[in-house]
Amino acid sequence: GVLAPEEEKGLTEAVRGGTGLAGWHGGLGDAFRQNPACQFMVGGQWVAHPGDIRDYEVRIGPGSFQVRTEQYYMLVDPSNEVLATTSFDGKDAPWIEGTLMPVAWKRRFGKGRVFYCSLGHAPGDFDVPEARLLVERGLLWAAR
């Protein structure tokens, strides 16, 4: 979708003022392509998902877990506090082989807290307990 200028201003001012914002997959990472202020607030923008639905590893802290979903390639803000990552095997896009990509991050935007996770193409993605817990904790963090 596209936000009208007053809608974009209302959303970004609310978060800047202390309202939490959290989301996942395209619902936040590919929303409002025509609204760069929103992309700046979220801290990233979806670009592609080479290979579509695929099996891959998500690394979080010292551990990891496996998922079968779209593996997002994104443009990301270097100021994000990255919580989980993945890397691309290069099978469908050889030039990105080995690229380390954030899967989840948190960030501040003014007084607001923003959490994003690229998992969640289908509801079943959250049948993976680690994926569900990652998003639950992110939602709680953003809500304070």
Side-chain angles (χ1 to χ4, degrees), residues 1-89 91-93 96 98-144:
V2 176
L3 294 175
E6 64 275 5
E7 294 169 323
E8 179 181 49
K9 182 179 179 188
L11 176 59
T12 56
E13 285 184 0
V15 175
R16 189 177 285 119
T19 299
L21 177 67
W24 57 86
H25 205 62
L28 191 58
D30 192 29
F32 313 125
R33 282 186 172 262
Q34 302 304 312
N35 298 95
C38 288
Q39 295 171 19
F40 181 54
M41 176 181 61
V42 170
Q45 176 66 50
W46 173 81
V47 176
H49 43 74
D52 295 317
I53 305 294
R54 59 186 311 127
D55 296 312
Y56 63 94
E57 179 183 47
V58 175
R59 289 179 296 284
I60 183 166
S64 67
F65 60 95
Q66 295 291 317
V67 294
R68 180 170 180 76
T69 189
E70 292 174 335
Q71 187 179 27
Y72 265 23
Y73 189 92
M74 303 185 75
L75 301 177
V76 295
D77 189 318
S79 71
N80 294 338
E81 185 179 336
V82 176
L83 305 171
T85 61
T86 188
S87 58
F88 287 86
D89 62 16
K91 178 181 173 192
D92 296 289
I96 62 168
T99 298
L100 187 65
M101 184 62 53
V103 170
W105 63 77
K106 64 181 185 175
R107 62 185 283 115
R108 295 289 190 153
F109 187 75
K111 294 178 183 174
R113 296 176 177 205
V114 178
F115 168 79
Y116 175 75
C117 179
S118 66
L119 303 173
H121 176 71
D125 289 359
F126 299 117
D127 290 342
V128 177
E130 298 91 342
R132 185 176 56 251
L133 185 61
L134 175 62
V135 170
E136 286 174 0
R137 288 181 176 173
L139 291 169
L140 290 170
W141 177 83
R144 293 191 219 174

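Looking only at distances, a side-chain donor or acceptor of Arg113 sits under 3.5 Å from a matching main-chain atom of Trp141.
Within 6.0 Å of CZ on Arg137 lie no more than 12 heavy atoms contributed by other residues, nucleotides or ligands. Atom CD of Gln34 has 12 or fewer heavy atoms from other residues, nucleotides or ligands within 6.0 Å. The neighbour count for Trp105 CH2, taken as heavy atoms of other residues, nucleotides or ligands under 6.0 Å away, is above 12.
Atoms CG and CD, on Leu28 and Gln39 in that order, are 10.5 Å from each other to the nearest 0.5 Å. Distance check, rounded to the nearest 0.5 Å: CZ of Phe115 to CG of Leu140 gives 10.0 Å. Note that CD of Glu13 is 11.0 Å distant from OG1 of Thr19, once rounded to the nearest 0.5 Å.
Closest of all the heavy-atom pairs between Thr99 and Tyr73 is CG2-CE1, 4.0 Å. Smallest separation of non-hydrogen atoms from Leu119 and Asp125: C-OD2, 4.3 Å. In this structure, Thr12 and Ala37 approach most closely via the heavy-atom pair CG2-O, 4.0 Å. Contact record, Tyr116 with Gly29: CE1-N, 3.3 Å, taken as the closest heavy-atom pair. When all heavy atoms are compared, the tightest approach of Arg54 to Asp92 is NH1-OD2, 2.8 Å. Nearest heavy-atom pair, Leu11 versus Cys38, reported as atom, atom and distance to 0.1 Å: CD2-SG, 4.0 Å.
Residues Pro102 and Asn80 are not in side-chain contact: their nearest non-hydrogen atoms beyond the backbone lie 4.5 Å or more apart. Between Trp46 and His25, the closest side-chain pair of non-hydrogen atoms is not below 4.5 Å. Annotation: side chain of Gln71 is not in contact with side chain of His49 (no heavy-atom distance under 4.5 Å). Put simply, the side chain of Glu8 does not reach to within 4.5 Å of the side chain of Phe32, judged on heavy atoms. Residues Arg59 and Ser87 form a side-chain contact, since some pair of their non-hydrogen atoms from C-beta on lies under 4.5 Å apart. Contact check for Ile60 versus Glu130: no side-chain heavy atoms found under the 4.5 Å cut-off. Residues Met74 and Met101 have side chains in contact (heavy-atom distance under 4.5 Å, counting atoms from C-beta outward). Residues Ile53 and Glu70 are in side-chain contact: their nearest non-hydrogen atoms beyond the backbone lie under 4.5 Å apart.
Using bins of under 30°, 30° to 60° and over 60° for the plane-to-plane angle, the ring pair Trp24/Phe126 lands in the perpendicular bin.
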side-chain contact (heavy atoms from CB on, under 4.5 Å) evaluation trace for Asp30 with Gln45: CA-CA 6 Å; Asp30 192 29; Gln45 176 66 50; 2.9 Å; yes
Verdict with reasoning, Arg16 to Lys111, per side-chain contact (heavy atoms from CB on, under 4.5 Å): CA-CA 5 Å; Arg16 189 177 285 119; Lys111 294 178 183 174; over 6 Å; no
Verdict with supporting geometry, Tyr56 and Asp89, side-chain contact (heavy atoms from CB on, under 4.5 Å): CA-CA 9 Å; Tyr56 63 94; Asp89 62 16; over 6 Å; no
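Of the listed residues (Val15, Asn35, Asp77), just one forms a side chain to side chain contact (heavy atoms under 4.5 Å, CB included) with Met41, and that residue is Val15.
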